[in-house]
Amino acid sequence: MSVSPEDRDLIYALALDNAVKYGGKPSKGAVIGKFLHLRPEYKPRVKEILPVIEEVVAKVAAMGPERQAEELERYRHLLPERPARRAEEELPPLPGAERGRVVTRFAPNPDFVLHLGSVRPLLLSYMYARKYEGRFILRFEDTDPRTKRPRPEYYRMILEDLRWLGVEPDEMYYQSDRLELYYDVARELIRRGAAYVCTCSPGEFSALAREGRPCPHRGQSPGENMSMFDEMLAGGYGEGEAVLRIKTDLSHPNVSVRDWPALRIIDTGKHPHPRVGSRYRVWPLYNYSCAVDDHYMGVTHVIRGAEHLVNEEKQKYVYMHMGWKPPVAIHHGRVAIPDGVLSKSKILAGIRRGIYSGIDDPQLATLAALRRRGFRPEAIRRVVLRGGLKASLMTIDWSLLAAENRAIVDREANRYFGVKEPVPAWFPCERELVARPRRHPSDPSRGEREIRVVPEEGRAKVYLERGDVERLSPGTQVRLIALGNFRVAGVSGRGVELEYVDNDVERAKREGLLFLHWVPRSHSIRLDLLYPGRSYAGVGEGNLLSESVDRVVQLERVGFFRVDSVSGGSVTLVYAHD
Ligand code: GLU
């Protein structure tokens, strides 16, 4: 039994993969092991395949890292996909969780869209509810019509983000529908002597709190507090003139925990709420409505970022005063994304100043932007869940996300030629040439694409990539993929002059020629390529016009892109990753 060409290619792909992972030196042992695992039929004849493996490993070792990486891109599809385990199976057990009894929630403020940082609490909460066959709640925390002003489009976009991620809430609530409940609990807290209406200015109150001293209102009777609270509701106080405070511990080490404010007045005449207009003037602050809702919604496990640790301290007082059992709270580490701008105010300022084209600008780490670039929810899920519940900071590297996504889209993406920064090249040619590269290198059933090179006045004209042209000098031989091997006759400001040599692909590989992508002038369309922070007006092969919006394609040697628009004779692609 000799080694079939397909299996030889598989050995080549395994050696490349191993070399790229381990600093350029493929390990013969590792390649043999992996190959026999995938093709056990060779096991009785290891001796026969050894020389082939040795030859391939030596060839890959001699290549140099850049070419190894390039070749790996072309052969990666031959490698088996990692078995996709169901994400929730990989999660560690949740403390105190019982099958059928877990209730989790995700509680976004609809004052902005979701981004990579939001995905960790969201997916963990959702996955744990699924793992334990419990319930998952989506709760819009929209109780700040003034500073964290909710906007109708953000409620909608958050739902779209969830749908895209495959997250289906079992129940959905809007806090702006629940103000009467917050008032009822406030009255009960007042009756229990656990809350009081305070009319100190914020400055006066915090000066006293810093010293651990009570403000004059702390000693009011429940009756006095009740009538002041009714006065708040009736409009007897203006914005900032009165708050309802929860009694805590005036010697609590964290000053902000000392008698924190639960409800305050917002002039909804000036700042109407997008859902309930100016019907209410007394609005709960986050810690209060969150505690009340987690209790009434039966939440058993709260999973959120470490920035909420102090909030847990605060919320516990509501539970204590009311005699409720607090949920198990788990605070995972923050999510950091190098170069990823996640701050709402920075993003909105950037959009106003024209630095970003919108919420889905490719520079951003919003889910809308990732969606637009062709990242798949599954890739995001895999990366985010890898951090699990750990309390340490989690860094999501773009390269990590790209690797996960590549493993998914590589199989489905059709291949095309596209040139970012075109430089003209030409060679003597009398008759029409047709190149027929495959739509997908490892899936012949998808057929070939046809690229016609029609000469004009004895010359064929093609476009090459500026970055490639910079590496050429007279005498160099290059391969134009699927067309032939050429010698560079001259490079000038006008372009590159080529001469056809032969079409021997094996020789090109053996001699390590540079493999170039190219686009013939006779079969080119305008290609707009949107990269994070910059765009290119390039050219692409005309076959790109048959793609449809939302599909992911690969421009060979350039990268993976999502089709953003196909119109008239031009195509816009948004860059995902190499
Ligand atoms: N609305 C809060 C936030 O987005 C929810 C925090 C929590 O999960 O308690 O930060």
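Residue numbers run from 1 in the order of the sequence given. In each ligand, atom 1 is the first atom listed, and ligand 1 is the first ligand listed. Everything numeric in this text was worked out from a predicted model, so none of it was measured.
Contact annotation: the side chain of Thr268 approaches that of Trp283 to within less than 4.5 Å [non-hydrogen atoms, C-beta and beyond].
Listed by number with element, the atoms of ligand 1 under 4.0 angstrom from any heavy atom of Asn109 are 1 (N), 2 (C), 3 (C), 4 (O). Every atom of ligand 1 is numbered from 1 in the order shown, and the set under 4.0 Å from a heavy atom of Cys290 is 9 (O). Each of the following atoms of ligand 1 lies closer than 4.0 Å to a heavy atom of Glu141: 1 (N), 2 (C), 5 (C).
Side-chain contact of Asp293 with Tyr182: a donor-acceptor pair under 3.5 Å is present, judged by distance alone. The closest side-chain donor-acceptor pair between Asn109 and Tyr286, if any, does not fall under 3.5 angstrom.
Protein heavy atom nearest atom 10 (O) of ligand 1, with residue, atom name and distance: His308 NE2, 3.1 Å. For atom 8 (O) of ligand 1, the closest heavy atom belonging to the protein is Arg105 NH1, 2.6 Å.
The side chain of Tyr286, and not its backbone, has at least one atom closer than 4.0 Å to an atom of ligand 1 (non-hydrogen atoms only; side chain from C-beta on).
Not a single heavy atom of Glu307 sits under 4.0 Å from any atom of ligand 1.
Between His577 and Phe560, the angle of the ring planes lies from 30° to 60°, which puts this pair in the tilted group. Between Tyr531 and Tyr575, the ring planes lie parallel to each other; the angle is under 30°, not in the 30° to 60° tilted range.
At least one N or O atom of Ala107, backbone or side chain, sits closer than 3.5 Å to an N or O atom of ligand 1.
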Acceptor/donor pairs from residues 163-171 side chains to any protein atom, 3.5 angstrom cut, sequence neighbours excluded:
from: Asp170; atom 1: OD1; to: Arg130; atom 2: NH2; distance (Å): 3.3
from: Asp170; atom 1: OD2; to: Arg130; atom 2: NH2; distance (Å): 3.4
from: Asp170; atom 1: OD2; to: Phe136; atom 2: N; distance (Å): 2.7
from: Glu171; atom 1: OE1; to: Arg135; atom 2: NH1; distance (Å): 3.2
from: Glu171; atom 1: OE1; to: Tyr173; atom 2: OH; distance (Å): 2.7
from: Glu171; atom 1: OE2; to: Arg135; atom 2: NH1; distance (Å): 2.4

